[in-house]
Amino acid sequence: MDFLENYNHKKNIRFSSFKFALIEAQKRNLKNFVETGVARGKVKFLFFTKINWKDGMSTMIFSDYVKFMNGYLTSCDIEKKNIENAKKFINKKNKDFVKFVVDDSLNFLENYDKKIDFLYLDSLDGHFKEASDHQLKEITVAYKYLHKDSLVLLDDKGSKTNLSIDYMKKNNLKIINETNEQVLLSF
């Protein structure tokens with residue numbers, strides 16, 4: 001997975017967490033990725049969008065992984081503008097491995113109809129007071145799609161993960177990796 005080094009940028013504070021998670025996903029042969037909240041980059045000069053390494057650029061790294069594994073990524077975001085920005089960042093060679101959905105993450109997850117190998121919950125930024133409740137609702141809805149080898153990666157540790165971590169621990173998931181920004185759980 002040499003592509004991982006493309007994301008080893010000094011500003012990418014989530015790199016080690018993503019690297020650990022994807023190496024673990026490869027060991028488990030996980031191919032069906034679901035992401036709520038896309039990597040949006042940041043706007044420069046009113047119209048130009050560029051990579052925001054502080055966000056980790058999840059959609060880019062996941063699209064590289066699923067192409068490498070011949071898998072599939074479904075990325076959902078409530079904002080069409082965020083989806084359009086995320087599309088700009090993924091490699092053109094990866095487009096056949098990614099589906100973008102403009103929808104509320106709860107509605108999207110409620111209507112999802114496949115088993116989820118790898119779930120990344122990063123919708124609703126952590127500075128919103130309802131972010132913890134929202135992430136808890138997401139995992140509550142998505143839980144039925146998980147299986148014994150699934151991985152769940154939570155972003156914005158501390159600001160929105162406390163309720164969802166408690167829920168997952170009560171439902172037999174365990175923390176297998178934890179950084180200042182993210183928590184990775186598995187059965």
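Here the structure is a predicted model, which means the values were calculated and not measured. Counting from 1, the numbers follow the sequence of the chain as shown.
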Could you check whether atom [atom1] of [X] has more than 12 heavy atoms from other residues, nucleotides or ligands sitting under 6.0 Å from it?
X    : atom1 : answer
K157 : NZ    : yes
K169 : NZ    : no
K144 : NZ    : yes
N111 : CG    : yes

Rounded at 0.5 Å granularity, tell me how far [atom1] in [X] sits from [atom2] in [Y].
X    : Y    : atom1 : atom2 : answer
R14  : H9   : CZ    : NE2   : 14.5 Å
E110 : Y145 : CD    : OH    : 6.0 Å
D133 : T140 : CG    : OG1   : 10.5 Å
D155 : S123 : CG    : OG    : 10.5 Å
S16  : N177 : OG    : CG    : 7.0 Å
Q135 : K137 : CD    : NZ    : 13.0 Å

Identify the two heavy atoms, one from [X] and one from [Y], that lie closest to each other, and give their separation to 0.1 Å.
X    : Y    : result
I78  : V102 : O-CG1, 3.8 Å
D96  : Y72  : O-CE1, 3.8 Å
A25  : F118 : CB-CD1, 4.2 Å
G158 : T161 : N-OG1, 2.9 Å
S105 : C76  : CA-SG, 4.0 Å

Applying side-chain contact (heavy atoms from CB on, under 4.5 Å) to D149 and N29, what does each step give before you reach the verdict? CA-CA 9 Å; D149 291 322; N29 197 34; over 6 Å; no
Donor-acceptor pair, [X] side chain versus [Y] backbone, under 3.5 Å?
X    : Y    : result
S75  : V101 : no
Y143 : N171 : yes
D122 : G37  : no
N12  : F15  : yes

Should [X] and [Y] be regarded as members of a common hydrophobic cluster, given that ILVMFWY residues are connected when their side-chain heavy atoms come within less than 4.5 Å of each other, either directly or indirectly?
X    : Y    : result
F20  : M168 : no
L151 : L73  : yes
L153 : F3   : yes
M57  : L4   : yes
F108 : Y120 : no

Given K115 and S150, is the side-chain contact (heavy atoms from CB on, under 4.5 Å) satisfied, shown in steps? CA-CA 9 Å; K115 288 291 183 187; S150 293; over 6 Å; no
Beyond-backbone contact of [X] with [Y], side-chain heavy atoms, under 4.5 angstrom:
X    : Y    : result
S58  : F18  : yes
S186 : E24  : no
E138 : L106 : yes
S164 : L154 : yes
K95  : K67  : no
I83  : V38  : yes
L109 : V34  : yes

Pair [X] + [Y], salt bridge at N-O below 4.0 Å:
X    : Y    : result
K87  : E84  : yes
E130 : K160 : no
K93  : D64  : no

Could you go step by step and tell me if L30 and H147 meet the side-chain contact (heavy atoms from CB on, under 4.5 Å) rule? CA-CA 11 Å; L30 303 182; H147 55 81; 4.2 Å; yes
Take L163 and I139, measure what side-chain contact (heavy atoms from CB on, under 4.5 Å) needs, and give me the verdict at the end. CA-CA 10 Å; L163 298 174; I139 190 58; over 6 Å; no
Partners passing side chain to side chain donor-acceptor pair (under 3.5 Å) against Y112 (at least two apart in sequence or in another chain): N32
Please name the residue in the list N85, T59, N82 that meets the side chain to side chain donor-acceptor pair (under 3.5 Å) test with D77. N82
Restricting to ring pair (Phe, Tyr, Trp, His ring centres under 6.0 Å), what partner residues turn up for Y65, sequence neighbours left out? F33
